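Numbered from 1 within each chain, the chains take letters A, B, ... in sequence-line order. In this text, all values refer to a predicted model and were calculated from it rather than measured experimentally.
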Amino acid sequence: MNIFRFLGDLSHLTSILILIHKIQTSRSCRGISYKTQLLYVIVFVSRYLDLVWTYVSLYNSLMKLFFISSSSYILYLIKIRFRPTLDPSIDTFSLPYLIIPAAILSLIFNYADEKAWLSEVLWSFSIYLESVAILPQLFLLQRTGEAETITTHYLFALGAYRALYIPNWIYRYATESFVDPIAIISGLIQTALYADFFYIYFTKVIRGQKFELPA
Amino acid sequence: EQHKHVKDEL
């Protein structure tokens, strides 16, 4: 564990707490993509099911439990508790376009061997799906053209988590020759998806202006 | 050298 990975994980955890706080205090899931949140549940369940048969550390297990339970709770908040505030007409990104390619890629590029096939395919599927899971949310943002500040803080913390994993990989390569090509390539793509968002966040939201996309 | 992939990251 190095500082980059730890801060990245903390940032990820914070982003989820911000999202729950936003939904509960505003009693609304306005501006939040249900589809992105559904994808995160699929990502966490398919990746962290290994919780049952793999033990890395207490930290690792607790985080996995947190990500599975909190993402499921968010889905409950959106789909049941505050369902009337959901506007499906702007959350229109088609999920099969993301899920099917991720599934195909995971069948081709994975770390499966004769001992572990399903768990390895599920793991790479979750990595590929995570790298694009934010797209319905960014698409929704693009459609509405603006966002509540709290939503942009959520997105920033989520993007920062991905960005912090990059120095983590560089550090791990330098200190332990650790290289995980599937995670690294997917992670770089995922971080790149945030580039536009980061630009507007730094030039507007940080200076106290409203998050608005250029017309 | 290629060794078994360790999944200790989240």
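- Using a 4.5 Å cut-off between heavy atoms, A:Phe44 does not touch chain B at all.
- A donor-acceptor pair under 3.5 Å links the side-chain atoms of A:Gln137 to the main chain of A:Ser33, judged by distance alone.
- Between A:Leu77 and A:Gln37, every side-chain heavy-atom pair lies at or beyond the 4.5 Å cut-off.
- If you measure heavy-atom distances from A:Asp50 to chain B, you find no contacts under 4.5 Å at all.
- For A:Phe156 and A:Tyr194, the gap between ring centers reaches or exceeds 6.0 Å.
- Geometrically, A:Lys79 engages A:Tyr34 in a cation-pi contact, judged by NZ or CZ lying under 6.0 Å from the ring centre and within 45° of the ring axis.
- Looking at A:Asn60, both its backbone and its side chain come within 4.5 Å of chain B, counting heavy atoms on both sides.
- Neither the backbone nor the side chain of A:Tyr55 comes within contact range of chain B, judged by heavy atoms closer than 4.5 Å.
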